[in-house]
4 protein chains.
Amino acid sequence: MNGVNDVNGESGRRGRPRRPETDTRILQATVELLGESGYGALSIEAVAARAGVTRPTVYRRWPDKAHLVVDALAQTVPVAPAPDSGDLRADLHDLARGLVDRLIRTGLARIILAVHADSFGHQDLAVPLRNLYLRPRLETITDVIARAVDRGDLPPHTSPATARDLLAGPIFYRWLVSGDLTDTDVEELADTTWRALTGQEQGP
Amino acid sequence: MNGVNDVNGESGRRGRPRRPETDTRILQATVELLGESGYGALSIEAVAARAGVTRPTVYRRWPDKAHLVVDALAQTVPVAPAPDSGDLRADLHDLARGLVDRLIRTGLARIILAVHADSFGHQDLAVPLRNLYLRPRLETITDVIARAVDRGDLPPHTSPATARDLLAGPIFYRWLVSGDLTDTDVEELADTTWRALTGQEQGP
Amino acid sequence: MNGVNDVNGESGRRGRPRRPETDTRILQATVELLGESGYGALSIEAVAARAGVTRPTVYRRWPDKAHLVVDALAQTVPVAPAPDSGDLRADLHDLARGLVDRLIRTGLARIILAVHADSFGHQDLAVPLRNLYLRPRLETITDVIARAVDRGDLPPHTSPATARDLLAGPIFYRWLVSGDLTDTDVEELADTTWRALTGQEQGP
Amino acid sequence: MNGVNDVNGESGRRGRPRRPETDTRILQATVELLGESGYGALSIEAVAARAGVTRPTVYRRWPDKAHLVVDALAQTVPVAPAPDSGDLRADLHDLARGLVDRLIRTGLARIILAVHADSFGHQDLAVPLRNLYLRPRLETITDVIARAVDRGDLPPHTSPATARDLLAGPIFYRWLVSGDLTDTDVEELADTTWRALTGQEQGP
DNA sequence: ATCTAAGCGAGACGGTACGTCCTGTCTTGAG
DNA sequence: CTCAAGACAGGACGTACCGTCTCGCTTAGAT
């Protein structure tokens, strides 16, 4: 639960304790620099300088750039609360807008993509990324679906995971291949997913 | 149509002409190294060495790693032919399997993701990536949809682009968040999309 | 007499003739750039660019930087006329001032030093440098001495070459080790040499 | 006294200390390569390779080739002891032979000339060159002169600096313009200088 | 109160790669 | 044959980071 960083892992209590402020400053610097220049251009050197810390101090806590970034994302990006208006269609639109506003428009999606691309095949990175970062955020969506099933707004055999992929997948894919995403696009895609899930008369 | 690399662009034919073989060797080396170690770890240095060429020779043709990789992808990854069995469901399954077999299982998807993450905000890179690489490959999917609409297998107001996002989006999204993709997953997601498009009784 | 450069040496009259203007422009550019940034920083590339010519055109005429510079110096730096006032002391002062004004103060001495340092051991360079550049300039001095011997102002066994070294050597040496040379220094050194040659009462 | 290189200069003793061996190895390699191919052809790259060190390690200590070479000369070329036979004429011959044997015949003079040519106008280079390298070596000569004045072998108003220039200047000048120097030349020039200083019957 | 282990800033170090510049040679097409 | 243009192999430039290491100093809990 406490990230990739050991934070005085089980072993240690002897010796001078780490200043907790140092952790914060490094993560803060990481987030700032990610926002300014992206994952590829991020260097440990720059993070350390921005945090007013030396490189070894960073390496004492995180083994490399990727692990550092995962922690920075996990501890910095807030998990949005799951919408619960009682109306599935409204909730889906809410979720869709949330994805766009909090991930795509802020540039976060780009960073996460880069970390993902870097992490494939590195289990020590991909696993924490999924557990720390993704899981709680994905659950926001599956919770909404599960509640709709409970309410009877969706058929009982509806798979929350598949429904989630049906909502978020097309949005990210559209963004990826077109490079842009208008509000109308998002509305339309959310509606299409809602119709697909509920079996309303066809679109798109 | 001739890539990011100028290939003796408009300017003329004066001076010693470029050896066309050199282009090929560099792109070939790029593809090989991408496959071996991914986009992040790719260095121009290594590409040049593998191609039996000096670094300046590479820089004469492509301004940086990203542009080089875009060209390498565009000229190397084959565009799969659009399936045309006459049966939409079969075609969709075919397309879905194709995405997985040719992009995800080969590691290409990971590379494309990395290039994308690098390219956002760099129009000189993102635009060629979309025009040279993505567009022809996306058309394979929209062609299948358009033909199904013509045949009357899909409602006439069906948007090929949206249908495309509905098919490919969930697959990539699932792969992204779970890190893996079984054949069953793919079948199920393709079926869900088919049902959503045709309005068959609901899943998933 | 025609320098290191072949200037359509004996062999050629067939084919398109060389534009003589090109020779001039290249030498001119060389002298300018030498003055601006010295011998070490001079590049054939820059010479060609300044002369509005391509690199191979330069290489067709001179095999390398050193040969080019020797020719540029020989054809550009004027040979000062030998002073002949009838008074040896005045002539020596004149020569000394000339060395300082035309070589040291203009930066030429520095360039010649660099070429010399580069040329040692390269006979194909050192020989033309001495024959084309140095010899005519050294003769200005030995001529003055020889005339003074003829006039009886100096003992008949005076060696013009040694006398020359006794005049010019200390001046250059002083400049070399102190980095600067005041008018008084020069006067004093010239006087010392005059006294040494004529056997006047001792200094310095 | 400690060269152009900081050698953990005033700033302090924090951080991992430099291996002193590294300094030595780099200077050693510099001297060797200077001897093999001269100043112009010397590259930091080659020095680093020969010293078994990487380029950045060299640049950490010296800003460029010229500074490196100045230190290499200063720390490597021994200062010859001043001759003190009690006989001025013998001492002058001794000094002259020393100049030729230790500077000209070893190729050192050529290197020093090249550094000088490079250093003019660069005070940060010319000043250390004079202070570290030249000054102690020039003093060998002026000491001899000063002692001769004390002994009464030279007139009391004799300027040691001028006398020094009168001895060394002609020798270097002769070497420079003729490219060679026989033992007889040197003897003759030293004698000429001795006569000039003491006012013996004239030569040359 | 001392001991001892760790944190930490500082900076050296061997490396790899960067992107640029220049060298000297070559290949083409035009004059 | 000249010449402009420009490709090419090669080599060096000076810089930026990497990840590791060795210092001296500081900060604490354990003794």
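These numbers come from the heavy atoms of this one structure, side chains and all, not from hydrogens, waters or symmetry mates. Since we're looking at a predicted model, the values are computed, not measured. Residue numbers begin at 1 in each chain, while the letters A, B, ... track the order of the sequences.
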Original post:
Looking at E:dT23, F:dG19, E:dA12, which one has an atom nearest to any side-chain atom of A:Y59?
Top reply: F:dG19

**OP:** Over all heavy atoms of both residues, which pair between A:A48 and A:V58 is shortest? Give the atoms and the distance, please.
**Re:** CB-CG2, 3.9 Å

**OP:** Could you say whether C:I44 or A:T54 is positioned toward the 5' end of DNA chain E, judged by the nucleotide with the nearest heavy atom to each?
**Re:** A:T54

Subject >> Whole-Å distance separating the CG atom of C:L33 from the P atom of E:dC22 >> reply: 11 Å

**OP:** Run the numbers on D:L73 and D:L108 for side-chain contact (heavy atoms from CB on, under 4.5 Å), then give the verdict.
**Re:** CA-CA 9 Å; D:L73 292 178; D:L108 257 171; 3.5 Å; yes

Original post:
Does C:R61 have a side-chain nitrogen or oxygen under 4.0 Å from the phosphate oxygens OP1 or OP2 of F:dC3?
Top reply: yes

Original post:
In whole angstroms, how far is the C1' atom of E:dA10 from the CZ atom of A:R60?
Top reply: 11 Å

**OP:** Would you indicate what B:R55 reaches in the nucleic acid, counting non-hydrogen atoms under 4.0 angstrom: base, sugar-phosphate, or nothing?
**Re:** base

**OP:** Let me know, please, whether A:T22 or D:G52 comes out on the 5' side of the other along DNA chain E by nearest nucleotide.
**Re:** A:T22

Subject >> side-chain contact (heavy atoms from CB on, under 4.5 Å) between B:L27 and B:W62, intermediate numbers included >> reply: CA-CA 11 Å; B:L27 292 173; B:W62 294 275; 3.7 Å; yes

Subject >> Whole angstrom value for the distance that separates P of E:dT23 from NE2 of C:H67 >> reply: 16 Å

Original post:
According to a strict under-4.0 Å criterion, is B:T57 in side-chain N/O contact with OP1 or OP2 of F:dA9?
Top reply: yes

Original post:
Within this structure, what is the CZ-to-C1' distance between A:R18 and F:dA28, rounded to whole angstrom?
Top reply: 15 Å

Subject >> Protein-nucleotide distance (A:L42, atom CG; F:dA16, atom P), rounded to Å >> reply: 17 Å

Subject >> D:D23/D:R18 under salt bridge (charged side-chain N to carboxylate O under 4.0 Å, His left out): CA gap, chis, key distance, verdict >> reply: CA-CA 8 Å; D:D23 279 83; D:R18 289 187 178 164; 5.2 Å; no

Original post:
Of the nucleotides E:dT23, F:dC17, F:dA12, which has the atom closest to the A:E45 side chain?
Top reply: F:dC17

Subject >> Euclidean distance, atom CZ of residue C:R19 to atom C1' of F:dC1 [Å, nearest integer] >> reply: 16 Å

Original post:
Once you round it to whole Å, what is the distance between P of E:dG9 and CD of A:E21?
Top reply: 11 Å

**OP:** Could you check if a side-chain atom of D:Y39 sits within less than 4.5 angstrom of a side-chain atom of D:D118, using non-hydrogen atoms only?
**Re:** yes

**OP:** Compare side-chain N and O positions of B:R16 against OP1 and OP2 of E:dC26 and report whether any pair is under 4.0 Å apart.
**Re:** no

**OP:** Measure from the side-chain heavy atoms of B:S43 and tell me the nearest of F:dG19, E:dA12, E:dC18.
**Re:** E:dC18

**OP:** Rounded to the nearest angstrom, tell me the gap between atom CZ in D:R50 and atom P in F:dA12.
**Re:** 13 Å

